[in-house]
Q: 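Let me give you the structure first, and then I'll get to my questions.
Letters A, B, ... mirror the listed sequences (proteins, then strands); counts begin at 1.
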Amino acid sequence: MRTDYCGRLSSDDIGRTVTVCGWVSKRREHGEHLAFVDLRDRTGIVQCVVDHAHDIRSEYVLAVTGTVRERPPETVNDELATGAIEIGEATVEILSQADPTPFQLSGRVEVDETIRIRHRYLDLRTDRMQRNLRSRALVNSAIRRAMDAQEFVEIETPMLIASTPEGARDFVVPSRLNPGSFYALPQSPQLFKQLCMVGGIDRYYQIARCMRDEDLRADRQFEFSQLDMEMSFVDGPDVRSVVSQAVGEATEAITGQKPKDIPEISWREAMNRYGSDKPDTRFGLELVDVTDVFSETDFNAFKAPCIKGIKVESGSDIGRNQLDQLTDKAKTWGAKGLVWIKVGASGEVTSPVAKFMSETEIGDLLEKLNAVDGDICYLIADDWKRAVHVLGLLRLELGKPPVNEGGLHFLWVIDFPLFEDIDDAGNPVPAHHPFTMPHPDDLELLETADKDPSVLLDVRSQAYDLVLNGWELGSGSVRIHRRDIQQQIFDLLGINEDESQKKFGFLMDAFRYGAPPHAGFAFGIDRLVALLVGEENIREVIAFPKSQSGTDPLTEAPTPIDAKQLDELGLRLLPPVN
RNA sequence: GGUCCCGUGGUGAAGUCUGGAGUUCACGCCGGCCUGUCAAGCCGGAGGUCGCGGGUUCAAAUCCCGUCGGGACCGCCA
């Protein structure tokens, strides 16, 4: 049907008779016997000169046949890749007509995203979506190349699996053959990839679809894709090296440049310096500990276990209104308050709480924060966890650059704590999943936990996250491959033997028969691609995404199902709750 | 569970704070003119339940209450 793609025609083709197919991007009519039709396919646009084009409208699908010729010099279009040539004396076959589109595809005006998604088949024709989806495909193939080159085996794991109550909320699928029982859709192939290691696969990977029924965000959809991998007889650095390689090749495939070696930072240091376990290291504004300065303060609000501050250079021209808004935000983030101190020319300060601080305290504070004339300091006093958390959010609020500025700052965050908290029942809450190997140096801390559970919070794990520009790309860990340690962890988590046998019995059983030491990782493809192409929302790199409320504007999913389907599945609906 | 922002012809915005005739701008659409445009140009035209419901008022896009939809974030996401 066609001899060439629109965007690939060039001066080399002058004189050839060609047929191109595509959509009418634009028609410019100059009278009955001269019109220019810009024809678009996936490769780009070419101008066709048509004798009579009155019946041709935008987005009609055409096959255009004509002779490639040089444009008159004064009409060359430098903006267009094919701008030096045109298809002359073109004859047009209309393959398909088109109604006026519900929004313009030119990209000249921003279009409401719901409208774009409702008509995604049109939106996909735009340069932006064509580029994003092609970039995503390039990332996928680069990752596959990298993994294949390192002798990983691609293995598919089941989509219909057993539900486990840990972690995120499961999507569940009722079983017709076993009424009253349900499958869960995988939140990740975690257990299966560990079974692959027991099975001697040695190196497994998969570009896996995962589902989690949690609230949606700019960087979270119900469904997402991960590069999921697992290796035997390796340690954390080995895994990080392989992942760095794959991510590096994916980055190079899009940007043309291989990223530098990825720095590593401990979780503790990340929290202290950035107030986040996924720090955006494109900019400074680091947190400074000033607890010592106020160790003997009379200021009641600062009689706290931890006081952290950040300094904004030349930030003192901020107005009272904005400061009040920042304070309100800090409170919604969990702070009791937010203290700000503006620094004047000769070191004098302006602050609602200056009168509660001694001159020594103010002097030491400014010195620690290295604050000078025109700067403003923000301080949070609280327990360590809350202080760094709130100040970390404030740091982003004050300094986070736009998505496509500041370059790509990859970062490994290592030495995560094994437990993030102790729950009301006195059981530790795992920070990662319960198969994460504790740090070898901290194993003895586990033994002493009977006497003092709080030491558990100091136990490090062999878990690590990969972070890019403040987004958690993914996480992984060295796994527990010994039943005794695994049972010890289950005991600590308050999961008794019955329960662990019921939930993870197949894994525990597998470990009876010779489990190799193994470790793995998974990172989100959607997030990686979004950041690589400079999109601040992963919906822009997903062909058919869902809205924040989990509905699909295109298909209207989710929808009720009819009584017959419910009957078959042995389900009955409760009356709607009002 | 919570906080904040948005909703005005097909699209995007202004108008809302400070109530006074559906007013304006750009794009698109329809018709006409037009033989070198490429954001073509010129002339003309059509197109509206100001998300929805209620209230206040002589009068509501505008003020108040509720509700729906979209988005950003906190919680949540082992």
Q: So that I can tick it off, tell me whether A:Lys26 and A:Asp38 are bridged by a salt bridge, with the cut-off set at under 4.0 angstrom between side-chain N and carboxylate O.
A: no
Q: Go through the N and O atoms of the side chain of A:Arg71 and the base of B:U37, and report whether any donor-acceptor pair is under 3.5 Å.
A: yes
Q: Does any donor-acceptor pair link the side chain of A:Arg539 with the base of B:G71 at a separation under 3.5 Å?
A: no
Q: By the 4.0 Å heavy-atom rule, please label A:Thr436 as base, sugar-phosphate, or nothing.
A: nothing
Q: Name the nucleic acid region contacted by A:His389, choosing base, sugar-phosphate or nothing; use a 4.0 angstrom heavy-atom cut-off, strictly under.
A: sugar-phosphate
Q: Just how far, in rounded Å, is P of B:C77 from CE of A:Met211?
A: 19 Å
Q: With nearest nucleotides of RNA chain B determined for A:Glu110 and A:Arg118 from heavy-atom distances, which residue corresponds to the more 5′ nucleotide?
A: A:Glu110
Q: If the P atom of B:G51 is compared with that of B:G12, how far apart are they to the nearest Å?
A: 13 Å
Q: Kindly point out which of B:A40, B:U11, B:C76 is positioned nearest to the side chain of A:Lys26?
A: B:A40
Q: Compare the minimum distances between each of B:U37, B:C76, B:G70 and the side chain of A:Ser547, then state the nucleotide with the smallest one.
A: B:G70
Q: In plain terms, say whether A:Arg116 and A:Glu540 are close enough for a salt bridge, that is, a side-chain N and a carboxylate O under 4.0 Å apart.
A: yes
Q: What is the base-pairing partner of B:A72, counting Watson-Crick and G-U wobble geometry with both distances under 3.5 Å?
A: B:U3
Q: Using a strict cut-off of less than 4.0 Å between a Lys/Arg side-chain nitrogen and an Asp/Glu carboxylate oxygen, indicate whether A:Arg320 and A:Asp324 qualify as a salt bridge.
A: yes
Q: Determine the contact category for A:Thr551: base if any of its heavy atoms lies under 4.0 Å from a base atom, sugar-phosphate if only primed atoms, P, OP1 or OP2 are that close, otherwise nothing.
A: sugar-phosphate
Q: Measure from the ring centre of A:His30 to the centre of the six-membered ring in the base of B:A40, then say whether that distance is under 5.5 Å and the planes meet at under 30°.
A: yes
Q: For B:G9, give its Watson-Crick or G-U wobble partner with both distances under 3.5 Å, or none.
A: none
Q: Using whole Å, report how far CG of A:Leu80 lies from P of B:U37.
A: 15 Å
Q: So, under a plain 3.5 Å distance rule, would you say the side chain of A:Glu86 forms a donor-acceptor pair with the base of B:G36?
A: yes
Q: If you check the A:Gln548 side chain, which of B:A72, B:C77, B:C74 turns out closest?
A: B:A72
Q: Give the nucleotide from the list B:G28, B:G36, B:G31 with an atom nearest to the side chain of A:Arg69.
A: B:G36
Q: Nearest-Å distance, CD (A:Glu214) to P (B:C74)?
A: 14 Å
Q: Grab the CG-C1' distance between A:Asp277 and B:C77 for me, whole Å please.
A: 12 Å
Q: Going by an N to O cut-off under 4.0 Å, is there a salt bridge joining A:Arg120 and A:Asp123?
A: yes
Q: Quick one: does A:Gln47 reach the base of B:U37 with a side-chain donor-acceptor pair under 3.5 Å?
A: yes
Q: With no hydrogens and no angle check, just 3.5 Å: does a side-chain donor-acceptor pair link A:Asn132 and A:Glu535?
A: yes
Q: Say you pick atom C1' in B:C5 and the same atom in B:G9; how far apart are they, in whole Å?
A: 24 Å
Q: Is A:Asp112 side chain donor-acceptor paired with the B:G7 base, going by distance under 3.5 Å alone?
A: no
Q: Output the rounded distance in Å from CG (A:Leu105) to C1' (B:C27).
A: 13 Å
Q: Please classify the nucleic acid contact of A:Ala431 as base, sugar-phosphate, or nothing, using heavy-atom distances under 4.0 Å.
A: sugar-phosphate
Q: Remember a base hit wins even if backbone is also touched, and classify A:Asn537 as base, sugar-phosphate or nothing at under 4.0 Å, heavy atoms.
A: sugar-phosphate
Q: Please tell me which of A:Asn77 and A:Ile115 maps to the more 5' nucleotide of RNA chain B, matching each residue to the nucleotide holding its nearest heavy atom.
A: A:Ile115
Q: From CG of A:Leu216 over to P of B:G69, roughly how many Å is that when rounded to an integer?
A: 15 Å
Q: Are A:Glu405 and A:Arg282 within salt-bridge range, i.e. N to O under 4.0 Å?
A: no
Q: Applying a 4.0 Å non-hydrogen cut-off, can you work out what A:His54 is touching in the nucleic acid: base, sugar-phosphate, or nothing?
A: sugar-phosphate
Q: Taking atom C1' in both B:C63 and B:U16, what distance in whole Å separates the two?
A: 10 Å
Q: For B:U16, which nucleotide in any strand shown is its Watson-Crick or wobble partner with both distances under 3.5 Å?
A: none
Q: Starting at CG of A:Leu393 and ending at P of B:C73, how long is that distance when rounded to a whole Å?
A: 12 Å
Q: Between P on B:G70 and CD on A:Gln221, what's the gap in Å once rounded to a whole number?
A: 12 Å
Q: Could you check whether A:Ser188 and A:Gln226, counting side-chain N and O atoms only, form a donor-acceptor pair closer than 3.5 Å?
A: no
Q: Nearest to the side chain of A:Arg57 - B:C30, B:U11, B:C77?
A: B:C30
Q: Using atom C1' in both nucleotides, what's the gap between B:C4 and B:U23 to the nearest angstrom?
A: 30 Å
Q: Hey, does the side-chain of A:Arg220 have a donor or acceptor N/O within less than 3.5 Å of a partner on the base of B:C76?
A: yes
Q: Under a 3.5 Å limit for both distances, which nucleotide forms a Watson-Crick or G-U wobble pair with B:G44, could you say?
A: B:C30
Q: Could you check whether A:Phe103 and the base of B:U11 form a stacked pair, meaning centres closer than 5.5 Å and planes differing by less than 30°?
A: no
Q: With a 4.0 Å limit, can you tell me whether A:Arg27 has a side-chain N or O closer than that to the phosphate oxygens OP1/OP2 of B:U37?
A: no
Q: Strictly below 4.0 Å, N to O, side chains only: are A:Arg220 and A:Glu214 in salt-bridge contact?
A: no
Q: Pick out which of A:Glu59, A:Arg40, A:Gln47 makes a side-chain contact (heavy atoms from CB on, under 4.5 Å) with A:Ser25.
A: A:Arg40
Q: Write down the distance separating the C1' atoms in B:A61 and B:A14, rounded off to the nearest Å.
A: 12 Å
Q: Would you mind telling me which of B:U11, B:C29, B:C38 lies closest to the side-chain atoms of A:Gln104?
A: B:U11
Q: According to the Watson-Crick and G-U wobble definitions, with both distances under 3.5 Å, which nucleotide is paired to B:U67?
A: B:G51
Q: Say we look at B:U35 and B:C42: how far apart would their C1' atoms be, to the nearest angstrom?
A: 16 Å
Q: Using purine N1 to pyrimidine N3 plus N6-O4 or O6-N4 for Watson-Crick, or N1-O2 and O6-N3 for G-U wobble, each under 3.5 Å, what pairs with B:A21?
A: none
Q: Search all heavy atoms of A:Arg268 against all heavy atoms of A:Leu457 and return the closest pair with its distance.
A: NH2-O, 4.5 Å
Q: In whole Å, measure the gap between the P atoms of B:G36 and B:C30 for me.
A: 23 Å
Q: For a quick check of understanding: with a heavy-atom distance under 4.0 Å over all strands, which category does A:Glu29 fall into, base, sugar-phosphate or nothing?
A: base
Q: What integer number of Å spans the P atoms of B:G10 and B:G47?
A: 11 Å
Q: Is any side-chain N or O of A:Thr75 closer than 4.0 Å to OP1 or OP2 of B:C38?
A: no
